[in-house]
*Asks:* 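Handing you this structure, nothing more for now.
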Amino acid sequence: MKITLKDGSVKEYSEAKSVFEIAKDISEGLARAACAGELNGEIVDLRTIINEDADLNIITNNDPEGLKVIRHTTAHVLAEAVKRLFEDVKVTIGPAIEDGFYYDFDAKPFSREDLDKIEAEMKKIIKEGHEMKRFTLPKDEAIQFMKEKGEPFKVELIEDLPEGSVISFYDQGGFVDLCAGPHLMSTKGIKAYKLISSSMAYWRGDSNKARLQRIYGTAFNKKEELKAHLEKLEDAKRRDHNKLGREMGLFTTVDVIGQGLPLFTPKGTKMIQKLQRWIEDLEDKEWGYVRTRTPLMAKSDLYKISGHWDHYKEGMFVLGDEEKDKEVFALRPMTCPFQYYVYKNEQHSYRDLPYRMGETSTLFRNEDSGEMHGLTRVRQFTISEGHLIVRPDQMVEEFKGCLALAKYCLKTLGVEEDVTYHLSKWDPDNREKYVGEPEVWEETQQHIREILTDLDIDFVEDVGEAAFYGPKVDINARNVYGKDDTMITIQWDALLAEQFDMYYIAPNGDKVRPYIIHRTSLGCYERTLAWLIEKYAGKFPTWLCAEQVRVLPISEKYEEYAKKVQKELLKNGIDATTDNRSEKIGFKIREARLDKLPYMLVVGQKEEEENTVSVRSRFAGDEGSRPLGEFIVSIKKEIETKEIRREEKEEKE
């Protein structure tokens, strides 16, 4: 047989060979580094036997796919270590993921001390260097095998496989796990690993099933790579909005109020207020929107017309019982059906379109308790929502306009380079989830595809992520832990105008159905604030800061001048405070730095006599003495232009 390698060279063999044997034949060094094979485009185990002509690439520990194999094998070692230390624990699943691996156990919660013990046990297992031996069993024998081992979750997984399946296992010196592979040849191939954390998880992601304990870990080919990754995780912890936002006094949560219902302090409220006022003025004064204000709840009748009752009821807070109550209400999960009736309140001609409605909408989603996290996943949130009622011939240009507005907002916030664009499509194999005919879905998806291509926007396509009534563009950002959150959505809707009997009068007097664009310009304010906390590690652009300037008198004698300076700043729209505590000036400066303030103005005898201020900034440190009026002009310009001033040390780096 002929084996064609990645470089085009050909190896010939007179008998069948495993991938590992071929790697060893090429070179001993390659065999030592080998983790898996890519056989005719498919990733396979090193133990895979090849008995006919094939294309083969040896996957090494320096390849991304090889790193997955290392992490998958490390997950098995983790499972063995847990079973050795906690005999009553039941194992479930343990896959490799983007930055490491996890394994779920039916067990009591694990403490950090437990994780340290498990790590030590893993070290022993790796040192023992057990060969990873693969074997298979018919389905009925595999079920019996796992029953005898007392592993009910593995039994369930096997029972769900098709009849006639041949089930594969890996044995690493007595510990056997159900697995399709691939795996390293031996546990000795694991060089650098770390258990990161543990948390609760549900069996198969279903909150109605068993509560499990998930241990997260990571593994790398080299200790240096692991060290760099752990340093990155430490930075992520420092930036984590759920930690940093609380430390900065921006928001809090209270058990008796409930999960996913954050309380914003005056500082956090001021920041959201600035974002909100900016967006409302931007939409209304520059982008031609009219502002609406609609109820926070409605009768179930409204949601039945829109289709939300049939397709989204589980995600809504329902008030009342349809079987007992005359009227049943629900808190709104979105604003669209309400704004449709604002449009329908008057008759519109083709000349009135596009009709762009914007609203700062408070919405409610009945999220699962396990999904709650800080400000990124909450049950009540506020969004820069809007709906454009357009003629079909206006749809493409208005959709482009919505993308342009979103990109402008992202650029202003300094996060334009941090996002990815996704065309979220319907799933034709799950027709029950969606309304409308296939040809409408395919046509609208193609329109969006062409718009993104025309605007030279790189994007990926996600099947099954569309709303039930239309495809959309999702603009996603990755948080400090590597998880994607949707920040902005722009959706094409060619269906709901029919259900709500919406129309406009055409030039010939006919009633014509409009199209609708559902969109956000900035998205959810809570999630945006979380994003900005993590992006800037709390060192926000000056215009966004709740406290932009702190005046620091060097002693009590200069409090009056300090208050005069503060008053002048406030008069000019600058958020300023005065620190008049009886503390040394060095202490006050250190505290202002810890609070990540953009500017401190130190004032004493000289400043009072000359009507100046000694400027210290987060960006350049000591900026020297300046006339108060000159400083006000410069900071007002910085605020009005929404300049993102960088720290000089950061720029040099």
*Asks:* Do Gln380 and Thr362 pair up side chain to side chain, a donor and an acceptor below 3.5 Å, judged on atom types alone?
*Replies:* no
*Asks:* Walk me through it: do Asp462 and Ser424 pass the test side chain to side chain donor-acceptor pair (under 3.5 Å)?
*Replies:* CA-CA 5 Å; Asp462 299 331; Ser424 296; 4.6 Å; no
*Asks:* Once rounded to the nearest 0.5 Å, what's the spacing between atom OH of Tyr103 and atom CG of Leu78?
*Replies:* 8.5 Å
*Asks:* When you look at Leu195 and Tyr216, which way does the side-chain contact (heavy atoms from CB on, under 4.5 Å) test go after all the steps?
*Replies:* CA-CA 6 Å; Leu195 299 185; Tyr216 285 100; over 6 Å; no
*Asks:* If every non-hydrogen atom of Ala219 is compared with every non-hydrogen atom of Thr74, which pair is closest and at what distance?
*Replies:* CB-OG1, 3.6 Å
*Asks:* Which value, rounded to the nearest 0.5 Å, describes the distance between Gln491 atom CD and Leu496 atom CG?
*Replies:* 8.5 Å
*Asks:* State plainly whether the residues Arg332 and Glu359 are in salt-bridge range, i.e. N to O under 4.0 Å.
*Replies:* yes
*Asks:* Let me see the working for His387 and Phe338 under side-chain contact (heavy atoms from CB on, under 4.5 Å), right down to the final yes or no.
*Replies:* CA-CA 10 Å; His387 295 88; Phe338 297 86; over 6 Å; no
*Asks:* Spell out, as yes or no, whether a donor-acceptor pair under 3.5 Å connects the side chain of Asp63 to the backbone of Gly66.
*Replies:* no
*Asks:* Can you tell which of Arg513, Lys511, Lys344 makes a side chain to side chain donor-acceptor pair (under 3.5 Å) with Asp501?
*Replies:* Arg513
*Asks:* How about Tyr469 and His518: are their ring centres within less than 6.0 Å of each other?
*Replies:* yes
*Asks:* Give, for atom CG of Leu184 and atom OH of Tyr170, the distance between the pair rounded to the nearest 0.5 Å.
*Replies:* 10.0 Å
*Asks:* Are the side chain of Arg527 and the backbone of Thr376 linked by a donor-acceptor contact shorter than 3.5 Å?
*Replies:* yes
*Asks:* More than 12 heavy atoms of other residues, nucleotides or ligands under 6.0 Å from NZ of Lys304: yes or no?
*Replies:* yes
*Asks:* Show, in sequence, the C-alpha distance, side-chain angles and deciding distance for Asp454 and Lys400, and conclude whether the side-chain contact (heavy atoms from CB on, under 4.5 Å) test is met.
*Replies:* CA-CA 10 Å; Asp454 186 48; Lys400 286 182 178 179; 2.5 Å; yes
*Asks:* Are Phe220 and His229 an aromatic pair, judged by ring center distance below 6.0 Å?
*Replies:* yes
*Asks:* Between Ile196 and Leu230, is there a side-chain heavy-atom distance shorter than 4.5 Å?
*Replies:* yes
*Asks:* When you measure from the side chain of Arg519 to the backbone of Ser384, do you find a donor-acceptor pair of N or O atoms at a distance under 3.5 Å?
*Replies:* yes
*Asks:* Any chance you could lay out the salt bridge (charged side-chain N to carboxylate O under 4.0 Å, His left out) test for Arg239 and Asp235, step after step, and finish with the verdict?
*Replies:* CA-CA 6 Å; Arg239 290 174 177 268; Asp235 183 58; 3.1 Å; yes
*Asks:* Around atom CZ of Arg211, are there more than 12 heavy atoms of other residues, nucleotides or ligands at under 6.0 Å?
*Replies:* no
*Asks:* On a heavy-atom basis, which atom in Asp99 and which in Thr218 lie closest, and how many Å separate them?
*Replies:* O-OG1, 2.6 Å
*Asks:* Would you name the heavy atoms of Thr335 and Ser361 that are closest together and state the gap between them?
*Replies:* OG1-OG, 2.9 Å
*Asks:* For Asp160, is there an ion pair with Arg204 - N to carboxylate O distance below 4.0 angstrom?
*Replies:* yes
*Asks:* Is the distance between the ring centroids of His308 and Phe468 under 6.0 Å?
*Replies:* yes
*Asks:* With a cut-off of 6.0 Å (strictly less than), are more than 12 heavy atoms of other residues, nucleotides or ligands near NZ of Lys433?
*Replies:* yes
*Asks:* Does Glu163 pair with Lys139 as a salt bridge, N-O distance under 4.0 Å?
*Replies:* yes
*Asks:* Classify the ring geometry between His76 and His72 as parallel (under 30°), tilted (30 to 60°) or perpendicular (over 60°).
*Replies:* perpendicular
*Asks:* Is the number of heavy atoms from other residues, nucleotides or ligands under 6.0 Å of Asp456 CG greater than 12?
*Replies:* no
*Asks:* Between Asp510 and Val512, is there a donor-acceptor pair closer than 3.5 Å when you use the side chain of the first and the backbone of the second?
*Replies:* no
*Asks:* Glu442 and Gln446: side-chain donor and acceptor closer than 3.5 Å?
*Replies:* no
*Asks:* Using a distance-only test with no angle check, is there a side-chain donor-acceptor pair under 3.5 angstrom linking Trp426 and Glu465?
*Replies:* no
*Asks:* With a 4.0 Å cut-off, would you call Lys6 and Glu38 a salt bridge?
*Replies:* no
*Asks:* Going by an N to O cut-off under 4.0 Å, is there a salt bridge joining Asp240 and Lys237?
*Replies:* no
*Asks:* Taking CD in Glu286 as the centre, count heavy atoms belonging to other residues, nucleotides or ligands within less than 6.0 Å. Is the count above 12?
*Replies:* yes
*Asks:* Fit a plane to each ring of Tyr408 and Trp278, take the angle between them on a 0 to 90° scale, and name the class: parallel (under 30°), tilted (30 to 60°) or perpendicular (over 60°).
*Replies:* tilted
*Asks:* Could you tell me whether Glu280 and Arg277 make a salt bridge, using a distance below 4.0 angstrom between a side-chain N and a carboxylate O?
*Replies:* no
*Asks:* Rounded to the nearest 0.5 Å, what separation is found between the CG atom of Leu67 and the SG atom of Cys35?
*Replies:* 8.5 Å
*Asks:* Is Lys154 salt-bridged to Asp177, cutoff N-O under 4.0 Å?
*Replies:* yes
*Asks:* Assess the side chains of Thr292 and Gln339: does a donor N or O sit below 3.5 Å from an acceptor N or O?
*Replies:* yes
*Asks:* For Gln499 and Ser306: C-alpha separation, side-chain torsions, deciding distance, then whether side chain to side chain donor-acceptor pair (under 3.5 Å) applies.
*Replies:* CA-CA 7 Å; Gln499 291 174 238; Ser306 67; over 6 Å; no
*Asks:* Any sub-3.5 Å donor-acceptor pair from Trp441's side-chain atoms to Asp427's backbone N or O?
*Replies:* no
*Asks:* In this structure, is the centre-to-centre distance between the rings of Tyr340 and Phe500 below 6.0 Å?
*Replies:* yes
*Asks:* Before giving the answer on side chain to side chain donor-acceptor pair (under 3.5 Å), spell out for Glu283 and Ser521 the whole-Å C-alpha distance, their side-chain angles and the decisive distance to 0.1 Å.
*Replies:* CA-CA 8 Å; Glu283 290 179 346; Ser521 50; 2.7 Å; yes
*Asks:* Of Val390, Leu388, Val290, which meets side-chain contact (heavy atoms from CB on, under 4.5 Å) against Tyr355?
*Replies:* Val290
*Asks:* Can you tell me which residue among Thr489, Thr420, Thr486 is in a side chain to side chain donor-acceptor pair (under 3.5 Å) with Asp474?
*Replies:* Thr489
*Asks:* Under 3.5 Å, is there a donor on one side chain and an acceptor on the other for Glu156 and Trp203?
*Replies:* yes
*Asks:* Looking at the rings of His348 and Tyr504, which for Trp means the six-membered one, are their centres under 6.0 Å apart?
*Replies:* no
*Asks:* Any side-chain to backbone donor/acceptor pair from Arg71 onto Glu98? Under 3.5 Å, distance only.
*Replies:* yes
*Asks:* Give me the atom names and distance for the closest heavy-atom approach of Ala467 to Lys472.
*Replies:* N-CE, 4.1 Å
*Asks:* Quick one: which of Asp45, Thr48, Ile59 gives a side-chain contact (heavy atoms from CB on, under 4.5 Å) with Pro182?
*Replies:* Asp45
*Asks:* Please examine the side chains of Glu397 and Gln394, heavy atoms only from C-beta on, and report whether any two atoms are closer than 4.5 Å.
*Replies:* no
*Asks:* Less than 4.0 Å between a side-chain N and a carboxylate O, is that true for Arg377 and Glu367?
*Replies:* yes
*Asks:* Under a 3.5 Å distance rule, please check whether Ser168 uses its side chain to pair with a backbone N or O of Cys179 as donor and acceptor.
*Replies:* yes
*Asks:* Report, as yes or no, whether the 6.0 Å neighbourhood of atom CG on Asp281 holds more than 12 heavy atoms from other residues, nucleotides or ligands.
*Replies:* yes
*Asks:* So that I know where these two stand, are Tyr343 and Tyr341 an aromatic pair - ring centroids less than 6.0 Å apart?
*Replies:* no
